[in-house]
Amino acid sequence: MPLDIDFVRRQFPAFQSAALQGQAFFENAGGSYTCKPVIDRLFRFYHDRKVQPYAPYEASQLGGAEMDEARARLAAMMGVERDELSFGPSTSANTFVLANAVRQWLRGKKAAIVVTNQDHEANSGVWRRLADEGIEVREWRIDPQTGHLNPAALAPLLEDGRVKLVCFPHCSNVVAEINPVAEICAMAHAAGAFTCVDGVSYAPHGFPDMAALGADVYLFSAYKTYGPHQGIMVIRRKFGETLPNQAHFFNGGALYKRFTPAGPDHAQVAACAGMADYIDALYTHHHGEAAHATPLARNNAVHALMRAHEEEVLQPLLDHLAARNDLRLIGPRQAAGRAPTVAVALDRPAEPVAAALAAHGIMAGGGDFYAVRPLEALGVDLSRGVLRLSFVHYTTAAEVQKLMGALDRVL
Ligand SMILES: Cc1ncc(COP(=O)(O)O)c(C=O)c1O
């Protein structure tokens with residue numbers, strides 16, 4: 001059964017909102033619409049449970065239980081233990097803290113790390129700054145024409161066995177090619193290195209199956225995965241316990257607190273359980289009663305549904321853009337190998353073009369999207385930036401048709 005798009009859209013109040021009628025949303029890589037269960041839980045928390053959690057009175061107990069539920073259910077969906085998942089203010093804040101832990105771990109060890117020039121700055125700059133500490137930073141570079149990150153080019157960087165950590169994206173927020181995470185993690189592990197995967201651009205298209213990917217750290221941002229403004233970090237126990245505690249000394253024994261120095265946003269953590277509600281609702285609608293399958297199996301089934309729909313809706317847009325000779329389509333031309341995040345370099349600044357699209361009922365953006373390094377490596381003029389057209393599984397073929405029509409009018 002293909003994805004029931006009408007059912008999907010009924011789960012998002014934005015599609016029923018009068019304020020958004022006539023607007024097709026193509027800046028999902030910046031942040032998605034929020035699903036109803038998340039909004040309902042956020043409202044309930046602020047209404048009925050907004051007290052310090054884990055105290056011995058009912059409102060507090062309910063609030064704490066809902067926060068635990070969010071962590072437990074999201075962890076189960078991805079096939080990890082509940083203490084291997086932690087919440088932070090954002091992915092940028094999560095990598096910042098993690099990099100500080102790695103700094104302490106590798107100080108004075110003649111170690112090296114690998115970073116890419118395909119990453120968003122959140123999984124790049126914090127790691128590069130470890131060079132201040134004498135840690136060698138090796139750059140795994142993309143092909144300047146295609147943006148492709150070739151695993152064969154990683155192999156020589158790992159050869160001498162000094163690399164302790166490889167940081168790379170599941171897919172870039174401008175190149176959008178889906179990197180072979182399992183293969184890269186296997187290469188890193190064989191060379192004695194851990195891996196840190198930025199999944200922010202990929203997770204909106206399907207939450208990860210952590211065992212299948214083999215990553216030691218996987219990061220994504222709930223505000224792009226139909227949830228509230230939180231960063232989510234999965235850190236596998238072996239790596240998490242190797243790194244020094246970054247939280248209060250008495251919290252270091254709890255893995256899910258070790259890399260969260262700040263107090264979490266209780267309401268938003270609790271509301272993240274709504275993302276699991278949404279995945280379960282999609283599973284049940286398409287495959288029947290959710291109780292018959294494990295959370296991971298449900299997640300994988302929903303992931304497959306989302307991707308199949310996205311690929312079908314994306315290919316005509318890629319074909320349409322590839323047929324034009326007045327723009328440069330960045331990343332693969334086949335929908336199967338990429339996320340539906342489509343950046344194009346134009347012969348003029350992108351932002352005014354995005355503004356012109358808005359007049360045609362298309363919400364999109366232009367700029368560098370904090371992907372300064374990949375755009376520079378691709379030779380894109382940063383003063384123009386790229387026009388980015390990004391969508392997810394709730395986007396219809398008709399909306400993509402509307403986008404193509406609008407592009408033809410404004411370009
Ligand atoms: C690929 C990628 N990584 C990391 C980030 C940073 O996420 P956050 O805003 O949660 O810090 C973004 C944000 O746009 C992103 O697109």
Side-chain angles (χ1 to χ4, degrees), residues 25-34 38 74 85-100 115-128 140 142 147 149 167-179 181 184 195-208 213 215 217-235 259-262 264-265 268-269 271-272 275 330-331 338-343 354 363-378 385-392:
F25 185 35
F26 284 97
E27 225 303 76
N28 289 275
S32 67
Y33 284 156
T34 311
V38 168
L74 291 175
L85 188 145
S86 54
F87 295 96
S90 66
T91 293
S92 304
N94 282 338
T95 56
F96 188 89
V97 175
L98 202 61
N100 205 44
V115 297
T116 78
N117 63 349
Q118 199 192 51
D119 272 282
H120 179 283
E121 198 58 20
N123 196 36
S124 198
V126 291
W127 302 118
R128 290 169 194 264
W140 175 19
I142 56 173
L149 197 53
C167 306
F168 66 99
H170 195 159
C171 78
S172 141
N173 65 332
V174 289
V175 177
E177 180 170 7
I178 300 167
N179 290 318
V181 174
I184 297 164
T195 53
C196 176
V197 179
D198 178 352
V200 174
S201 272
Y202 187 81
H205 314 292
F207 293 106
L213 294 182
V217 177
Y218 191 95
L219 303 132
F220 62 97
S221 303
Y223 70 94
K224 302 186 201 254
T225 61
Y226 323 113
H229 206 113
Q230 284 289 286
I232 295 181
M233 177 167 81
V234 177
I235 183 161
F259 307 104
T260 312
D265 182 320
Q268 293 195 54
V269 169
C272 280
M275 297 185 330
I330 295 175
R338 67 176 293 158
T341 300
V342 184
M363 296 189 273
D368 63 42
F369 302 99
Y370 287 16
V372 173
R373 292 176 206 273
L375 292 180
E376 262 177 348
L378 286 160
V386 287
L387 176 69
R388 193 174 67 174
L389 311 160
S390 58
F391 66 88
V392 296

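Please read these numbers as outputs of a predicted model, since none were measured by experiment. Atoms within each ligand, like the ligands themselves, are counted from 1 in listed order.
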Between ligand 1 and the protein, find all N/O pairs closer than 3.5 Å and give the distance for each.
{"from": "ligand 1", "atom 1": "3 (N)", "to": "Asp198", "atom 2": "OD1", "distance (Å)": "3.4"}
{"from": "ligand 1", "atom 1": "3 (N)", "to": "Asp198", "atom 2": "OD2", "distance (Å)": "2.6"}
{"from": "ligand 1", "atom 1": "7 (O)", "to": "Ser221", "atom 2": "OG", "distance (Å)": "3.4"}
{"from": "ligand 1", "atom 1": "9 (O)", "to": "Tyr223", "atom 2": "OH", "distance (Å)": "2.4"}
{"from": "ligand 1", "atom 1": "10 (O)", "to": "Thr91", "atom 2": "N", "distance (Å)": "2.9"}
{"from": "ligand 1", "atom 1": "10 (O)", "to": "Ser221", "atom 2": "OG", "distance (Å)": "2.7"}
{"from": "ligand 1", "atom 1": "11 (O)", "to": "Thr91", "atom 2": "N", "distance (Å)": "3.4"}
{"from": "ligand 1", "atom 1": "11 (O)", "to": "Ser92", "atom 2": "N", "distance (Å)": "2.8"}
{"from": "ligand 1", "atom 1": "11 (O)", "to": "Ser92", "atom 2": "OG", "distance (Å)": "2.6"}
{"from": "ligand 1", "atom 1": "14 (O)", "to": "Lys224", "atom 2": "NZ", "distance (Å)": "2.6"}

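- Annotation: Tyr370, atom OH; neighbour count of heavy atoms from other residues, nucleotides and ligands within 6.0 Å does not exceed 12.
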- Verify side chain to side chain contact (heavy atoms under 4.5 Å, CB included) between Trp127 and Cys196, making sure each step is shown before the conclusion. CA-CA 11 Å; Trp127 302 118; Cys196 176; 3.9 Å; yes

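- Between Val97 and Met233 the shortest side-chain heavy-atom distance does not fall below 4.5 Å.
- In this structure, the side chains of Val181 and Tyr218 stay at 4.5 Å or more apart for every pair of heavy atoms.
- Among residues two or more places apart in sequence or in another chain, the side-chain contact (heavy atoms from CB on, under 4.5 Å) test is passed with Glu121 by Ser124, Arg373.
- Taking 4.5 Å as the limit, every side-chain heavy atom of Cys171 sits out of range of all side-chain heavy atoms of Thr341.
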